[in-house]
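Note that these values count all heavy atoms, side chains included, but never hydrogens, waters or copies made by symmetry.
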Amino acid sequence: MNKVYLSDAGPKVSPAIYGFWRWEAGKGDMEKIVNLCLELGVNTFDHADRYGDYTCEKRFGEVLAKKSFKRSDIVLFSKCGVNTTPLYRVNHINTSAEHINHSVENSLRNLQTDYLDVFLLDQLDPLSDLESTALALEKLKSSGKVKNIGVSNFSVYQHQLLVSYLNIPIVSNHIDLNLLNTAALDNGAIDYIKQKYMRPLATSPLDGGRIENGTDELALKVRKKLMEVAARYDANIESIAVAWLVKLGALPLIGTLEENRIRNIVNSFQINLNHEDWYELYHAAKPISSIQD
């Protein structure tokens, strides 16, 4: 796949990105999945300190240490902010300067790398001193340990708030977006991201398999329409669902461990939905009464 710029100030990334948020400690063949991604042209990998009960970064670092691919040939994201059990007594958010610095050092050590291409804050702690938070992010970038700064699961107002404290650009925002969750199209999130010349990263592009296997009313309704559209393109319904995101300018953030689903997502880039097909799916994803003529 041809690489694309994440934003006007960000790095080049693969148009599909693989993330490890669905991984569990000790489960899954990470080396096999990473090599499959690289074979398919996905060279960008999204981590967080907490993924896989705080084990995924270390496991990825062990794969990287085998030197079957070069560090310079991949793009690494990591993030901190959401702190969960079993490492912490109470699930909470911490985006303080102290926690950010501690997390970055741990991520670099576990991933066995000298730098992160993008470091993101995962949600915003209302208790943090934003001046010190912003200063910590700026110092990490100037040190070379972090090449770019991003955010994940920020509202528009939280995004704007952090921007007001920073003297460096935010280059990425991860948001929930798929055909079963189009809220980002209505709440201004997509518009604000594009205003900042960034490509939205769509987490859960297949809603954890719900698009293909969901039995609720909305999933059934959307899947029926996907099957109709897929027949026109001779494509899998999951590929069509992701092509809908790609048409919007979003980068799908793959989370599945199922190889066929990874391939379906990558195959979506061979599909160019026409304008009316895109809107036909959009109408299926929400009540017709909410679409203005």
Side-chain angles (χ1 to χ4, degrees), residues 1-23 28-48 51 56-57 59-61 63-64 67-79 107 111 113 115-120 146-152 170-178 193-194 197-206 235-236 238-273:
M1 291 191 289
N2 293 328
K3 305 303 182 287
V4 298
Y5 281 105
L6 188 58
S7 72
D8 64 340
K12 273 192 168 182
V13 298
S14 51
I17 295 167
Y18 189 87
F20 294 91
W21 74 95
R22 296 194 192 281
W23 287 64
D29 188 335
M30 187 169 291
E31 185 172 11
K32 183 179 180 181
I33 292 295
V34 169
N35 286 331
L36 173 63
C37 287
L38 293 172
E39 174 191 328
L40 295 174
V42 178
N43 80 326
T44 307
F45 298 95
D46 178 66
H47 290 273
Y51 290 168
C56 277
E57 288 184 324
R59 292 175 65 189
F60 189 95
V63 173
L64 181 58
K67 300 186 184 301
S68 60
F69 54 90
K70 296 178 181 178
R71 169 64 180 92
S72 57
D73 290 336
I74 63 171
V75 181
L76 284 181
F77 292 16
S78 194
K79 62 183 81 67
S107 292
L111 290 167
T113 184
Y115 66 95
L116 297 171
D117 295 281
V118 183
F119 175 71
L120 307 99
V146 168
K147 302 297 184 183
N148 299 278
I149 299 299
V151 297
S152 177
I170 290 174
V171 303
S172 180
N173 189 357
H174 294 22
I175 57 172
D176 285 333
L177 177 63
N178 56 63
I193 290 169
K194 289 184 175 182
Y197 300 103
M198 296 187 296
R199 295 176 182 268
L201 265 70
T203 63
S204 296
L206 299 175
N236 180 278
E238 291 187 328
S239 298
I240 294 294
V242 178
W244 184 86
L245 293 169
V246 173
K247 187 77 171 180
L248 190 60
L251 306 182
L253 188 55
I254 307 169
T256 182
L257 279 71
E258 296 185 26
E259 293 185 31
N260 67 314
R261 192 158 282 160
I262 295 172
R263 293 181 187 277
N264 286 339
I265 291 174
V266 171
N267 288 342
S268 69
F269 291 91
Q270 305 302 316
I271 300 167
N272 182 18
L273 287 179

Among C37, C56, S78, which residue satisfies the side chain to side chain contact (heavy atoms under 4.5 Å, CB included) criterion with F45?
C37
Looking at residues at least two apart in the chain, or sitting in another chain, which of them share a salt bridge (charged side-chain N to carboxylate O under 4.0 Å, His left out) with R71?
D117
Hey, is the main chain of S14 close enough, under 3.5 Å, to the side chain of T44 for a donor-acceptor pair?
yes
Using every non-hydrogen atom in the two residues, find where A241 and L206 come nearest and quote the distance to one decimal.
CB-CD2, 4.1 Å
As a test of understanding, state which of L6, V151, I149 forms a side chain to side chain contact (heavy atoms under 4.5 Å, CB included) with S172.
L6
Do you know which two heavy atoms are closest between I240 and A235, and how far apart they sit?
CD1-CB, 4.0 Å
Just to verify, what does R261 make a side chain to side chain donor-acceptor pair (under 3.5 Å) with, not counting sequence neighbours?
E212, E238
Crowded around D73 CG? As in, over 12 foreign heavy atoms under 6.0 Å?
yes
Please say which of N267, V266, N236, I265 ends up in a side chain to side chain contact (heavy atoms under 4.5 Å, CB included) with V242.
I265
d(L245 CG, L253 CG) to nearest 0.5 Å is 11.0 Å
Looking at I254 and W21, what are the two nearest heavy atoms and their distance?
O-CZ3, 3.5 Å
How long is the gap from CZ on R199 to OH on Y5, to the nearest 0.5 Å?
11.0 Å
Got S107 and H47 here, is their nearest side-chain heavy-atom distance under 4.5 Å?
no
Is the closest side-chain heavy-atom distance between V75 and I17 below 4.5 Å?
no
Spatial distance of atom CG (L257) from atom CD1 (I262) [nearest 0.5 Å]
7.0 Å
Just wondering, do V13 and V118 contact through their side chains at under 4.5 Å, heavy atoms?
no
With S268 via side chain to side chain donor-acceptor pair (under 3.5 Å) - residues at least two apart:
none
Do M30 and W23 make a side-chain contact, defined as non-hydrogen atoms from C-beta onward lying under 4.5 Å apart?
yes
Any pair counted as side-chain hydrogen bond (donor to acceptor under 3.5 Å, both in side chains), so long as it reaches residues 239-255, sequence neighbours left out:
K247-N272
Closest non-hydrogen atom pair, K3 against G41:
NZ-O, 3.9 Å
CG (D176) and OG1 (T203) are apart, to the nearest 0.5 Å, by 3.5 Å
Closest approach of L177 and A202, non-hydrogen atoms and distance?
O-CB, 3.7 Å
Answer yes or no: is there a side-chain heavy-atom contact under 4.5 Å between N35 and E39?
no
With sequence neighbours excluded, what pairs up with D46 under the side chain to side chain donor-acceptor pair (under 3.5 Å) test?
K79, H174
Looking at side-chain heavy atoms only, is the closest gap between L248 and K194 below 4.5 Å?
yes
So how far is it from K147 NZ to L76 CG, rounded to the nearest 0.5 Å?
12.5 Å
Is there side-chain contact between Y18 and L40, with heavy atoms separated by less than 4.5 Å?
no
Looking at residues at least two apart in the chain, or sitting in another chain, which of them share a side chain to side chain donor-acceptor pair (under 3.5 Å) with K32?
E259
Nearest-0.5 Å distance, CZ of residue R263 to CD of residue E258
13.0 Å
Mind listing the closest non-hydrogen atom pair of G28 and R59 along with its distance?
O-NH2, 2.5 Å
Just checking F69: does its CZ atom have more than 12 heavy atoms from other residues, nucleotides or ligands closer to it than 6.0 angstrom?
yes
Are side-chain heavy atoms of L64 and V34 found at a separation under 4.5 Å?
no
So does S204 get a backbone contact from the side chain of N178, meaning a donor-acceptor N/O pair under 3.5 Å?
yes
Which is it for I271 and V246 under the side chain to side chain contact (heavy atoms under 4.5 Å, CB included) test, yes or no, and what are the steps along the way?
CA-CA 9 Å; I271 300 167; V246 173; over 6 Å; no
